[in-house]
Asker: 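Sharing a structure here in structure tokens format.
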Amino acid sequence: MSHAARWRAMHPRGAVPAPAPASGPAPSLTLAQALARALAMPTSGTASVVLRRIDSCVYLRSAGALSCLRNCVRSTLVRNASTIAQTQRDRVARGLRWYSSSPLPPGVSQEQPRARIHGNGSSQSQSQSQSAGRRRSSNSAWRLLHVHGRKVWRRFRRPWGALTVLNSNTSFRRILEFVKPQTNLLIAASLCQFVQTMTTMTFPAAAGKIMDMIEPPHPELMDQLAMVAWGLVALFAVGCVAASARVTLMTIVGERISRRLRIDVFAKILGKRMEFFDRRHTGELVNRLSADTTVISRVLTDNLSRTVRSSVTFSMAVAWLLVYSPKLFLISAMVLPPTAGLAVLAGRIVRQLSRQYMDALAASTAHAAEKISGIRTVRLFGTEELEITRYAKKTEDVYQLAKNTGIAEGIYTGALYFVSQMSLVGILYCGSRLVMDGELSVGTLSAFTMYAINLGFSLSNLANAYGQFTKAQGSAMRVVEILDEDPILHSERNSAGVCLVPPYKARLEFDKVSFAYPMAPQNLILQNVSFTVEPGEIVALAGASGSGKSTITYLTARLYDPQQGMIRFGGHDIQTLNSDWLRSQIGVVPQDPLLFDDTIAKNITIRRHAAHLSGTPGTQQEHVDANADAHLRHICDLATCSDFIEKFPQGLDTLVGERGSSLSGGQRQRIAFARSLYHKPRLLLMDELTSQLDAENEAMVSYAIQSLAHEEGVSVLVIAHRLSTLRRADRILFLADGAVAEQGTYDELSQRRGLFRGYVEASQKQRFHPTSAQ
Ligand SMILES: Nc1ncnc2c1ncn2[C@@H]1O[C@H](COP(=O)(O)OP(=O)(O)O)[C@@H](O)[C@H]1O
Ligand SMILES: [Mg+2]
């Protein structure tokens, strides 16, 4: 007796044990349903798993009941597609019931009168957050003082330990590379500063001399007095020229440094890998580009003049003091150790606080930038008050950090003032005694006091310069992070790579590609995906939302690289191809196409301008230039955007607004389509290009794509949900669970009673009975 016959004898039709054990099920429809449910649960994504498990069931196979059971389960699963929809519908209905019956969650109000934006509710929460911020930051100020005080003390126990602070900052060493090209100008500016300071520093000596001439009076020295006065006039005239030259030169140097820094930082940002942008906010990056670079250049130039001035003043003061009275000099030198100690302590605290300050400022800028650019969403959901409160919280953090920096700087300045004034008191007291003892003249004491004041100023200026320098270190770290981090893409762009010479076969091949986004490495989006798109073929990618369709376009254009497997274009691994060339061969319309704030013409011809600048290989620049205008109009015809462009009074010169906001979604899509065609790509990646088009325009665009493929031999990968678009494709790949679950023509897949058919039936149901989905 065959296994099948024995099995049928043991389990007559209708006698269905439930739940169905794999060892003894009857091949009835009910049993298949039970089995499918027991094995896989009713989700279309796991259908293939169910069937595979049934295949592997030895008993069933040997019983010869397999094909019967497979068919039963298939039909169950196809019906399950509607069961899924039913499940989803149930969920939505549940949500809807909750929506209509339950009270609003705490803190959410449907209608928020404008007056409340600055009203009680927000100010209360604001003040709560402010007091929390105050608590947090006052704690941190004391904690910083404590921690850094101990570190500075440890440093000062070693002789000259303080000097190592200056040498220890790698960020600034990196920034100094940007100063190098300005060395000549800097030297000139420093010389001017030197001259100016020298002129200032001769004044106390001259004043002392004049005092000694008039006390007691020496009428015979009137001529000499006049000479000294004229000499001083000439000296200060020189000082005036030097001061003007110094300010001008330093401003030029500062602006040149920030210009170079900004360009380099911007270029580095644009050259980063995509995961860099996945991790950061735009506003925060813009802040580094503008605010941090300004802080750095300002501090570098201002501090340099300050340091030169203070150093010259300091050395001249020391020389004069030593000449006039070594004894008094020793008294004034007592100011040195406490000044240096204070500078190092304050520097440490300020450096840390200023880094936190710039981070907080960047976070608040990022928040504001995001909300302003997304104003439509903010307005539609009425979240203005929420956003203002959040922004207030972020600016409160900025304020608290700035306040703490101010407190640290204030204490430091006050202490410095006290130390230097104490040294002056000492000089006056001891100097007066020396005058009384006849060791010093009144004029010399006056000159000495003036030099001592200058010495105090120069010392506090040097200490301030150090403070500013450490303050800018926070910014330097943030900028250097961008300059140094992950320069891979840059080298990849510049590397030679292979550029294929036409005619080559623009065949796209995914070979066992597995991929997870770097931000979520544990979440495999694609697993062993393999498929090809032949030249002249239109392949459609279908699948549930989030199944990885757009990811496939990113991988093809090398925005990300797969962790496993290989992607080939023209028979070559795309990682061996020149990336710029590769992208020049691909026309992409992303899912949410972004137009830049420029004219329609400039948006469409964007690659031409880019190629013009960079001389990208393979763009046939001369040809494009010669026929630019005609080419543009033809491309607009092909991309079916001529009709609406002609209706604009400015035609192709119409400005599209920020992100193309003055155009409709469908118009944006068609301009993006024209943009992707402008450089005559050999491979088109169209990500839901027709999602916002009406039926007529969709048919037109599809017709254009078909013409490009079948007549021009362009390979096309379209991602679409619309059945009409899928029907027009030569082949369909259905993605499920990160793999190509089914592939074939529309008719083949529709007949197969698999996942695609379930997908189509669900779409049709949705289309013809839209209310049944609710
Ligand atoms: N930058 C990203 N970082 C991490 N995960 C991402 C990123 N972009 C998309 N994903 C995830 O990858 C999956 C596939 O996304 P996508 O390819 O856009 O799907 P779709 O098929 O709808 O085009 C989704 O689950 C999405 O959450
Ligand atoms: Mg997508």
Side-chain angles (χ1 to χ4, degrees), residues 43-46 48 81 84 88 269-270 272-282 284-285 366 370 486 488-489 508 510 513-531 533 539-565 567 586-594 665-666 668-669 672-673 676 684-693 698 701 705 716-723 725-726 729 731-743 749 755-756 758-760 762-763 766:
T43 67
S44 62
T46 51
S48 53
I84 304 156
Q88 294 295 349
I269 291 177
L270 291 197
K272 297 286 180 195
R273 286 187 166 281
M274 291 311 291
E275 53 259 39
F276 174 85
F277 300 97
D278 290 343
R279 270 188 248 120
R280 285 174 178 80
H281 293 278
T282 320
E284 194 253 343
L285 291 175
E370 189 189 22
D486 185 26
I488 305 164
L489 194 70
L508 175 68
F510 269 56
V513 170
S514 297
F515 174 72
Y517 280 97
M519 281 289 284
Q522 72 291 349
N523 182 19
L524 265 186
I525 307 294
L526 303 177
Q527 299 180 50
N528 273 326
V529 169
S530 298
F531 66 86
V533 184
V539 173
L541 266 182
S545 154
S547 55
K549 303 182 294 295
S550 300
T551 305
I552 286 180
T553 64
Y554 303 152
L555 291 176
T556 309
R558 274 207 80 191
L559 297 188
Y560 297 90
D561 284 332
Q563 280 85 14
Q564 273 175 29
I567 303 169
I586 302 177
V588 188
V589 179
Q591 188 165 355
D592 187 14
L594 170 80
R668 270 202 297 276
Q669 280 185 325
F673 184 34
S676 76
L684 282 180
L685 306 173
M686 311 273 109
D687 196 347
E688 305 197 11
L689 167 61
T690 54
S691 62
Q692 297 187 48
L693 298 182
E698 188 251 348
V701 166
I705 292 176
V716 184
L717 188 66
V718 284
I719 296 173
H721 286 297
R722 284 189 184 216
L723 298 185
T725 311
L726 293 177
R731 200 151 47 89
I732 296 170
L733 307 172
F734 191 81
L735 283 187
D737 293 340
V740 180
E742 291 172 11
Q743 62 174 303
L749 293 185
L755 294 173
F756 182 73
Y759 175 81
V760 169
S763 306
Q766 179 82 22

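For ligands, and for the atoms within them, numbers begin at 1 and follow the listed sequence.
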Asker: When you measure from the side chain of Lys549 to the backbone of Val718, do you find a donor-acceptor pair of N or O atoms at a distance under 3.5 Å?
Answerer: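 Looks like no, no N/O pair under 3.5 Å.
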
Asker: With no hydrogens and no angle check, is any side-chain donor or acceptor of Gln669 less than 3.5 Å from a backbone partner on Glu688?
Answerer: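 Checking the backbone N and O of Glu688 against the side chain of Gln669, a donor-acceptor pair under 3.5 Å is found.
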
Asker: Within the stated cut-off of 2.8 Å, is an N/O/S atom of Ser545 closer than that to the Mg ion (ligand 2)?
Answerer: no

Asker: Record the part of Phe515 in heavy-atom contact with ligand 1 below 4.0 Å; permitted values are side chain, backbone, both and neither.
Answerer: neither

Asker: Is a side-chain donor or acceptor of Glu275 paired with a backbone partner of Pro518 at a separation under 3.5 angstrom?
Answerer: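 No, Glu275 side chain to Pro518 backbone: no donor-acceptor pair under 3.5 Å.
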
Asker: Considering the heavy atoms of Ser545, write down every atom of ligand 1 situated less than 4.0 Å from one of them.
Answerer: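 The list of qualifying atoms is 22 (O).
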
Asker: Check the pair Thr551 / Tyr517 against side-chain hydrogen bond (donor to acceptor under 3.5 Å, both in side chains), numbers first and verdict last.
Answerer: CA-CA 9 Å; Thr551 305; Tyr517 280 97; 2.9 Å; yes

Asker: What distance separates Phe756 CZ from Gln743 CD, expressed to the nearest 0.5 Å?
Answerer: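 So the CZ of Phe756 and the CD of Gln743 are separated by 12.5 Å.
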
Asker: Only one of Leu689, Leu684, Ile719 passes side chain to side chain contact (heavy atoms under 4.5 Å, CB included) with Val589; say which it is.
Answerer: Leu689

Asker: Within less than 2.8 Å of the Mg ion (ligand 2), any N, O or S from Ser550?
Answerer: yes

Asker: Determine, step by step, whether Ser676 and Met686 satisfy the side-chain contact (heavy atoms from CB on, under 4.5 Å) criterion, reporting the C-alpha distance in whole Å, the side-chain angles of both residues, the deciding distance to 0.1 Å, and the verdict.
Answerer: CA-CA 9 Å; Ser676 76; Met686 311 273 109; 3.7 Å; yes

Asker: Would you indicate whether His721, at its atom NE2, is surrounded by more than 12 heavy atoms from other residues, nucleotides or ligands within a distance under 6.0 Å?
Answerer: yes

Asker: For ligand 1, which atoms have a heavy atom of Gly548 less than 4.0 angstrom away?
Answerer: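 Selected atoms, number and element: 14 (C), 17 (O), 19 (O), 20 (P), 21 (O).
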
Asker: Before signing off on this row, confirm whether Ile525 and ligand 1 have an N or O atom pair separated by under 3.5 Å.
Answerer: no

Asker: Identify, for atom 18 (O) of ligand 1, the protein heavy atom at the shortest distance, and state residue, atom and that distance.
Answerer: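 For atom 18 (O) of ligand 1, the nearest protein heavy atom comes out as Ser550 CB, 3.6 Å.
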
Asker: What atoms of ligand 1 come within less than 4.0 Å of a heavy atom belonging to Thr551?
Answerer: 14 (C), 15 (O), 16 (P), 17 (O)

Asker: Under 3.5 Å, side chain of Ser547 to main-chain N/O of Ala736, donor-acceptor pair present?
Answerer: no

Asker: Pick whichever of Tyr554, Tyr517, Phe277, Tyr560 has a heavy atom sitting closest to atom 8 (N) of ligand 1.
Answerer: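 Minimum heavy-atom distance to atom 8 (N) of ligand 1 goes to Tyr517.
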
Asker: Could you tell me whether atom 26 (C) of ligand 1 has at least one protein heavy atom nearer than 4.0 Å?
Answerer: no

Asker: Please report which non-hydrogen protein atom sits nearest to atom 22 (O) of ligand 1, along with the residue it belongs to and the distance in Å to one decimal place.
Answerer: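 Among all protein heavy atoms, the one nearest atom 22 (O) of ligand 1 is Gly546 N, 2.7 Å.
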
Asker: Show the atoms of ligand 1 that are less than 4.0 angstrom away from any heavy atom in Asp278.
Answerer: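 Listed by number with element, the hits are 1 (N).
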
Asker: Tell me which part of Ser547 gets within contact of ligand 1: side chain, backbone, both or neither, using heavy atoms under 4.0 Å.
Answerer: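 For Ser547, the contact with ligand 1 is made by both the backbone and the side chain.
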
